[in-house]
Structure formats: C-alpha cells, structure tokens
Amino acid sequence: MRYQKPKGTADILPADSHQWQYVENKAQEIFSTYDFHEIRTPIFESYDVFERSSGESSDVVSKEMYDFDDKGGRHIALRPEGTAGVVRAYVENKLFGPEQVKPYKVYYHGPMFRYERPQSGRLRQFHQIGVEAFGASSPALDVEVISMALEFLRSLKLSGLKLEINSLGDSATREKYHQALVDYLTPLADQLSEDSQRRLQTNPLRILDSKDAHDQELVANAPSIIDYLTPESQAHFAAVKAGLSGLGIDYEVDSTMVRGLDYYTDTIFEIMVKSPAFNNSEMTVIAGGRYDGLVEEFGGPAEPGIGFGIGVERLLLLLDQDQMPVQPKLDFYLAKVGDDVQVPALRILQEIRRCGFSADQDYLDRKIKGQFKSATRLDARFVITVGESELASGEVPVKDLATGEQVQVKLSDLENDFQAVYQQLMQQFGGK
RNA sequence: GCGGUAUUGGUGAAGCGGUUAACACACCGGUUUGUGGCACCGGCAUACGUGGGUUCGAUCCCCACAUACCGCCCCA
C-alpha cells in the first residue's frame, strides 16, 4: 500500500461519522439551553499563544507541540487544546468590551494536535468539544458549567458518572503550597519512586497523582492545598460546593487532583466514567476549571474565565453502541429494466428527492436481481421498478422490502406528484 | 523520548526456507428470458507492510525503516 495516513491520525468513515454528528448535535442542543454559542477559531496559531498559556515548562509545550515554521518564517503551532485560541480571540476581538453581555459564553468543537505516541483513545490529531465563559467570577457560573457538563453526558445516556472537584486557589496560594509540598517530600525523597524523585524537581504537584502504590502512601499525609487557600478562595469553593449540593449533584473533593496546564485557578473539576470499555476502570471524559489570570495574560483586562474540554474519541469509546444511531435507511431504490428507462428514471428520482426523501438507483447495469440485492444492502424501505411495460401501461409496482408486499402506483404521479404516491404508500403499508 | 507485541486478499485468517499461498466469510456472475432467500456452479492475493541482506531458492531467517496495538514518561 503506497500511501498511509500520518501516524496518530484516523479516518472517520461514514459508519462512524453519524455517531460524531450525534454527539456534536447533542452538545449544541444542550449548550444552547445554557445560552452558549459556537465560536470557531483557527486550528493553528502563533506558537507563542500556546507557550504563553500553557506554561513553558509544561510537557505540552516542551515536547508535545506540533509546531513548524511557515514559509514566511513564522513560528506556528497546531493547537494542542482549545482554550488558548479562544482567549486570544476574546482579547483580539475586544469581546471584553462594554457592548457585550457578560459572561460571554462560547463553545467549540474540532481537531486538536499533540505530538505524542499514539495509544488507545490518544491520537496526534484528536478532537475536543469545549466551552468557555468569560467575565464573571460568580461561583454560580462554576456550578452551571459543571452541571452543563453533566447534563451533556446524561443526554448521551452515560451512566456511572463521578464528579470530582478541587480548588487550586490563586497563584500566591499555589506558590505557597508548592513550597510546602516540596518541604514535605524532600526529606522523603529516597523513598519515592524513581519517576517521582524526578518529578520533585520538575513538577512536584504531579507526585500527588502518582500511580506508584508507595508514593500514594507518602502522599496521603502530605499537606493539602485546601489548607492553603486564601479566605476569598475558601469562600468561592464553599459556594461552589453549596451550589452543587443545591442542585442535588453528588461530588467528591479530591485535594490531590492537579492539572497539566499552568493556567488554572480556584475551581477545577473532572468527570469520570466507569466503563466496561476500559476494564471497568475509571476514565476522565471531561476536565475543566477556572483560569482567572488568562485573559490578562493575553493582554486583556483582568477578567475571569472558566471552561471545560471533552475528549471526543474517548467519549465515543464509552458510549453504548446499541444506543448509537446507525446509518439512516434509504427511502426508495429505483430498479430499472430495459434500455430506454434511464431518462424517466432520472425524472422520477428527482421528483422523489425534491419531496425530501432519499433515493438511489443502479449505475452498474446490474440485472434486476442484482438491483434488488443492492436495495437490500442499502436497507431501502421501498423498491420502485420501472421497465418498458410500466412506461407502456402507466402503472408502476412499488414493493415494501420489509413485508414483500407490492402495490401499483401511477407513473404520472411518480413523475409529477410524488406526495400523492407517498400518501398512497402510507395508507397501504401504514406507519412511517 | 523508552520498552513489548504485531504487519499475508474486501474481511477473519492458515502456511514458517522450494505450495497452484489453504480454509471461511463477504462480494460479483451464472443455474435461460423482470424481483431480495436458500442451494448448486464459477470468479475473486503476478502476491505475503517497505527497503536491504543471508541462501541455489524467502511470505517464512537477519537488519533497518514505517505503521498499528499495549505499557512507561506525559496527559486527559
């Protein structure tokens, strides 16, 4: 095979694209009830956009960025996540201006890129659906964003959802906590796993969710970030928890939950699903949080923001295949007999399609038997047969493939008044 | 970036140094002339991921590369 798709990419063929559309449509449906509207930003941005937002030391920037120099010598990167580009657009278009209603609420969906080793549910080009809301720091917004995420997953009939929340406080909080954690772990360094000893230097917060069992024990007694929150952050977090409880939403506070990207502040959350698709282990499908410094970081006013992202590939793996829509049935298949029926056939097909039904025919000169086979393979509801004798008699047989019953309809109606034909068929065969 | 496993037709795959590259499914055609099933008959890999090497001879052995899957790092 001469050509193959680039490593870590996937072709989404029609059999799957129906499921993608289903998920995307659901997202739009649910999000719009919360008054979120779609925003489309470029899938590539200046490299600096992501370097600025994600933190220079983060792995996303240091080794996973899909970047290149374009012909004009600009350092470009394919977006590794959605938030940075949206914030850039928010600032560049001055959407923080007084003529906009706050909070400014948007959602997006599309491809993201990370130069990493592909694994199950992890590709170099993957897809996210995300939302962002700017310009309000009310904890009520946190609660609504979280509940919207849950409603979306519920609308897809996902069960076994688990919501975990944490607060990272403001940047001063994180600095103090960072120091406290290092102070606690440094004396224990020789007991840490090899990976975590390295993390102690590079990213101590990551040790909190180490997979190593002994690390877990040591971390259990580590100081908790919750104890380092400022009074304001404490109050915000308390209000978020109260709001969730008020909506009857179950949650767990996980004070060891951390983030790979540097820009998060205060509330962060993840929604996990336990699924047989992943050996009944829990898998995060939605992750999000506040990023109250990011707009300012991009040269805008000191405005707060909050959002979340959904990994679509991962989400699709979790969805029950039985509940997924399949390719829609074909309404009509037109079988032809003889040589001189092609033109009338084209006229009939056009009339059917103009009435809003799907219709197809044979293009390979197959025998009538083969045409019926094609109709069956296309899952057609009805087969219309047109041949010389029909053209002569003006009567055309229409067969219901499910029952095998066949009725005669007028050729003139087929060509000129298909609605009448359809009503006749519905009377004869009932239902839709 | 590191490690493991794999790569044969449309699909599932057998073969592991010399074969007509098995078998099954799917698909296409036919079993006389205009109807989906079944049965029967026939067709369907100048070819075994790519490039080198070893050999009289390689799908089968060796090396490199590519890709996929799994794990780590990382992330979600």
Side-chain angles (χ1 to χ4, degrees), chain A residues 1-10 54 57-65 80-82 112-124 126-130 164 193-199 202-203 205-207 209-212 257-262 264 268-273 278-279 281-289 308-315 317-318 333-339 341 362 364-391 396-406:
Chain A
M1 212 162 282
R2 194 62 247 270
Y3 294 109
Q4 40 188 194
K5 60 189 177 310
K7 188 189 187 87
T9 61
S54 303
S57 64
S58 73
D59 264 54
V60 168
V61 167
S62 59
K63 71 178 209 195
E64 290 178 0
M65 200 85 94
E81 50 95 29
M112 308 289 164
F113 305 83
R114 285 184 199 177
Y115 196 88
E116 62 182 347
R117 190 79 170 251
Q119 278 174 54
S120 135
R122 302 173 62 176
L123 294 168
R124 287 186 171 178
F126 60 104
H127 296 76
Q128 285 190 346
I129 297 172
E164 293 196 347
S193 68
E194 210 175 298
D195 284 330
S196 287
Q197 291 187 26
R198 188 174 40 70
R199 291 186 184 111
T202 59
N203 194 348
L205 295 193
R206 275 279 150 213
I207 299 174
D209 62 359
S210 169
K211 283 167 193 148
D212 184 88
M257 182 160 74
V258 294
R259 271 295 122 84
L261 303 174
D262 288 352
Y264 287 101
I268 59 172
F269 67 95
E270 292 187 10
I271 301 172
M272 285 168 284
V273 181
F278 290 97
N279 302 321
S281 63
E282 285 185 327
M283 166 123 318
T284 301
V285 278
I286 293 188
F308 64 74
I310 304 167
V312 180
E313 280 82 359
R314 196 168 273 194
L315 179 61
L317 287 173
L318 292 168
Y333 189 89
L334 191 115
K336 295 164 296 185
V337 186
D339 299 328
V341 297
D362 168 68
L364 303 174
D365 289 324
R366 303 187 69 192
K367 299 256 168 48
I368 185 74
K369 181 174 176 145
Q371 295 186 52
F372 267 82
K373 272 182 142 175
S374 296
T376 304
R377 285 224 279 154
L378 291 171
D379 200 19
R381 168 106 203 253
F382 296 106
V383 176
I384 301 168
T385 305
V386 178
E388 323 261 328
S389 60
E390 284 77 14
L391 294 181
V396 178
V398 179
K399 183 171 185 175
D400 181 332
L401 278 189
T403 64
E405 291 174 83
Q406 193 160 293

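The chains referred to below are lettered A, B, ... by the order of the sequence lines, with proteins before strands, and numbering in each begins at 1.
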**Student:** Tell which nucleotide pairs with B:C38, taking only Watson-Crick or G-U wobble pairs whose two distances are both under 3.5 angstrom.
**Tutor:**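 Paired with B:C38, as far as the under-3.5 Å criterion goes, is no nucleotide at all.
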
**Student:** Provide, to the nearest angstrom, the distance between the CD atom belonging to A:E64 and the P atom belonging to B:C75.
**Tutor:**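 One finds 7 Å between P of B:C75 and CD of A:E64, rounded.
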
**Student:** Between B:G34, B:C75, B:U31, which nucleotide gets closest to the side-chain atoms of A:R114?
**Tutor:**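 Shortest atom-to-atom distance from the side chain points to B:C75.
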
**Student:** For A:Q406, which contact category applies under a 4.0 Å heavy-atom criterion: base, sugar-phosphate, or nothing?
**Tutor:**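 Touches a base.
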
**Student:** A:I368 CD1 to B:U35 C1': how many Å, rounded?
**Tutor:**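 In whole Å, B:U35 C1' lies 6 Å from A:I368 CD1.
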
**Student:** Test your reading of the model: is there a side-chain donor-acceptor pair from A:R314 to the backbone of A:V285, 3.5 Å cut-off?
**Tutor:**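 Checking the backbone N and O of A:V285 against the side chain of A:R314, no donor-acceptor pair under 3.5 Å is found.
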
**Student:** Rounding to the closest angstrom, what is the interatomic distance between B:G12 and B:A39 at atom C1'?
**Tutor:**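 Approximately 24 Å lies between the C1' atom of B:G12 and that of B:A39.
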
**Student:** Who is the Watson-Crick or G-U wobble partner of B:G12, with both distances under 3.5 Å?
**Tutor:**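 Base-paired to B:C23.
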
**Student:** Any protein N or O atoms within reach of nucleotides 25-28 of chain B? Criterion: under 3.5 Å, listing atom names and distances.
**Tutor:**
residue, atom, partner, partner atom, Å
B:C27, O3', A:R377, NH2, 3.2
B:C28, OP1, A:R366, NH1, 3.3
B:C28, OP1, A:R366, NH2, 3.1
B:C28, OP1, A:R377, NH2, 3.4

**Student:** Given B:G36, B:G29, B:C74, which nucleotide is nearest the side-chain atoms of A:T376?
**Tutor:**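 The answer is B:G36, which lies nearest to the side chain.
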
**Student:** For the P atoms, the ones on B:C28 and on B:C65, what distance do you get once it is rounded to whole angstrom?
**Tutor:**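 Going atom to atom, P in each nucleotide, I get 43 Å.
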
**Student:** Taking atom C1' in both B:A13 and B:A6, what distance in whole Å separates the two?
**Tutor:**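 Taking atom C1' in both B:A13 and B:A6, they lie 14 Å apart.
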
**Student:** Under 4.0 angstrom, heavy atoms only, what part of the nucleic acid is A:D379 near: base, sugar-phosphate, or nothing?
**Tutor:**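 Counting heavy atoms under 4.0 Å across all strands, no contact is made by A:D379.
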
**Student:** Which base, if any, makes a Watson-Crick or G-U wobble pair with B:C65, both distances under 3.5 Å?
**Tutor:**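 Paired with B:C65, as far as the under-3.5 Å criterion goes, is B:G49.
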
**Student:** How about A:R377 and A:S374: does a side-chain donor come under 3.5 Å of a side-chain acceptor?
**Tutor:**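 There is no such pair between these side chains.
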
**Student:** Rounding to an integer number of angstrom, what distance separates B:G29 and B:U35 when you compare their P atoms?
**Tutor:**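 My reading of the P atoms in B:G29 and B:U35 gives 15 Å.
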
**Student:** Distance from A:E405 atom CD to A:F382 atom CZ, nearest 0.5 Å?
**Tutor:**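 Nearest 0.5 Å value for the CD-CZ distance: 10.0 Å.
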
**Student:** Look at all strands and tell whether A:A287 reaches a base, only sugar-phosphate, or nothing, counting heavy atoms closer than 4.0 Å.
**Tutor:**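 Sugar-phosphate: the residue A:A287, judged by heavy atoms under 4.0 Å, touches backbone atoms but no base.
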
**Student:** When you measure from the side chain of A:E388 to the backbone of A:V337, do you find a donor-acceptor pair of N or O atoms at a distance under 3.5 Å?
**Tutor:**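 No.
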
**Student:** I need the CD-P distance between A:Q371 and B:G29, as an integer number of Å.
**Tutor:**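 The answer, rounded to whole Å, is 10 Å.
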
**Student:** In Å and rounded to the nearest 0.5 Å, what is the CG to CD distance from A:L315 to A:Q128?
**Tutor:**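 Between A:L315 CG and A:Q128 CD, I get 11.5 Å after rounding to 0.5 Å.
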
**Student:** Nearest 0.5 Å, please: how far is CZ in A:F308 from CD1 in A:I129?
**Tutor:**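 One finds 9.0 Å between CD1 of A:I129 and CZ of A:F308.
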
**Student:** Can you tell me how far C1' in B:C63 sits from the matching atom in B:C74, rounded to whole Å?
**Tutor:**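 Those two atoms are separated by 32 Å.
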
**Student:** Under 4.0 Å, counting only non-hydrogen atoms across every strand here, what does A:E194 touch: a base, just sugar-phosphate, or nothing?
**Tutor:**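 The residue A:E194 makes no contact with any strand.
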
**Student:** Do A:R124 and A:Y115 meet the cation-pi criteria used here (NZ or CZ under 6.0 Å from the six-membered ring centre, within 45° of the axis)?
**Tutor:**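 Flagged: A:R124 positioned over aromatic ring of A:Y115.
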
**Student:** Keeping the roles fixed (side chain from A:Q371, backbone from A:R366), state whether a donor-acceptor pair exists under 3.5 Å.
**Tutor:**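 It does hold such a pair.
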
**Student:** Are side-chain heavy atoms of A:T376 and A:Y333 found at a separation under 4.5 Å?
**Tutor:**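 The answer is no, as the side chains (C-beta and beyond) never meet within the 4.5 Å cut-off.
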
**Student:** Taking the nucleotide of RNA chain B with the closest heavy atom to each, which residue, A:T385 or A:R198, is nearer the 5' end?
**Tutor:**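 On the 5' side of the pair lies A:T385.
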
**Student:** Below 4.5 Å, heavy atoms only, C-beta onward: do A:D400 and A:R381 meet side chain to side chain?
**Tutor:**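 A:D400 reaches A:R381 side chain to side chain.
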
**Student:** Applying a 4.0 Å non-hydrogen cut-off, can you work out what A:G404 is touching in the nucleic acid: base, sugar-phosphate, or nothing?
**Tutor:**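 Base, at least one base heavy atom under 4.0 Å.
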
**Student:** Would you say the side chain of A:K367 and the base of B:G34 hold a donor-acceptor pair, judged only by whether the two atoms sit under 3.5 Å apart?
**Tutor:**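 No, no donor-acceptor pair under 3.5 Å.
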
**Student:** Do A:E81 and A:R114 have side chains that get closer than 4.5 Å, going by heavy atoms?
**Tutor:**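 SC-SC contact between A:E81 and A:R114 confirmed.
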
**Student:** Rounded to whole Å, how long is the line connecting atom CG of A:D339 with atom P of B:G34?
**Tutor:**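 After rounding, the reported distance stands at 12 Å.
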
**Student:** Given 3.5 Å as the limit, does a donor-acceptor pair link the side chain of A:Q197 with the main chain of A:E194, or not?
**Tutor:**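 Flag not set: sc A:Q197 to bb A:E194 has no pair under 3.5 Å.
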
**Student:** What integer distance in Å separates A:D365:CG from B:G29:C1'?
**Tutor:**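 Going from A:D365 (CG) to B:G29 (C1'), I get 14 Å.
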
**Student:** With C1' as the reference atom in both, quote the distance from B:G3 to B:U50 in angstrom, rounded to an integer.
**Tutor:**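 To the nearest whole Å, 23 Å.
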
**Student:** Output one line per pair: protein atom, nucleotide atom from nucleotides 66-72 of chain B, and distance, for all N/O pairs under 3.5 Å.
**Tutor:**
residue, atom, partner, partner atom, Å
B:A66, O2', A:Q4, OE1, 2.8
B:U67, OP2, A:K7, NZ, 3.4
B:A68, OP1, A:G8, N, 2.8
B:C70, OP1, A:S120, OG, 3.4
B:C70, OP2, A:S120, N, 2.6
B:C72, N4, A:Q119, NE2, 3.3

**Student:** Measure CE/A:M272 against C1'/B:A76 and give the value in whole Å, please.
**Tutor:**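 About 11 Å, once rounded to whole Å.
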
**Student:** Taking the C1' atom in each of B:U8 and B:A68, what is the distance between them to the nearest angstrom?
**Tutor:**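 Nearest-Å result for B:U8 against B:A68 at atom C1': 16 Å.
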
**Student:** Applying a 3.5 Å limit to both distances, which nucleotide forms a Watson-Crick or G-U wobble pair with B:G1?
**Tutor:**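 Matched B:G1 with B:C72 under the 3.5 Å cut-off.
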
**Student:** Rounding to the closest angstrom, what is the interatomic distance between B:C73 and B:A64 at atom P?
**Tutor:**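 It works out to 27 Å between them.
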
**Student:** When the distance from CG of A:L401 to P of B:G37 is rounded to whole Å, what number comes out?
**Tutor:**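 Checked: the CG to P distance equals 11 Å.
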
**Student:** Give the rounded distance in Å between these two atoms: CG of A:D362 and P of B:G36.
**Tutor:**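 Rounding to the nearest Å, CG of A:D362 and P of B:G36 are 15 Å apart.
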
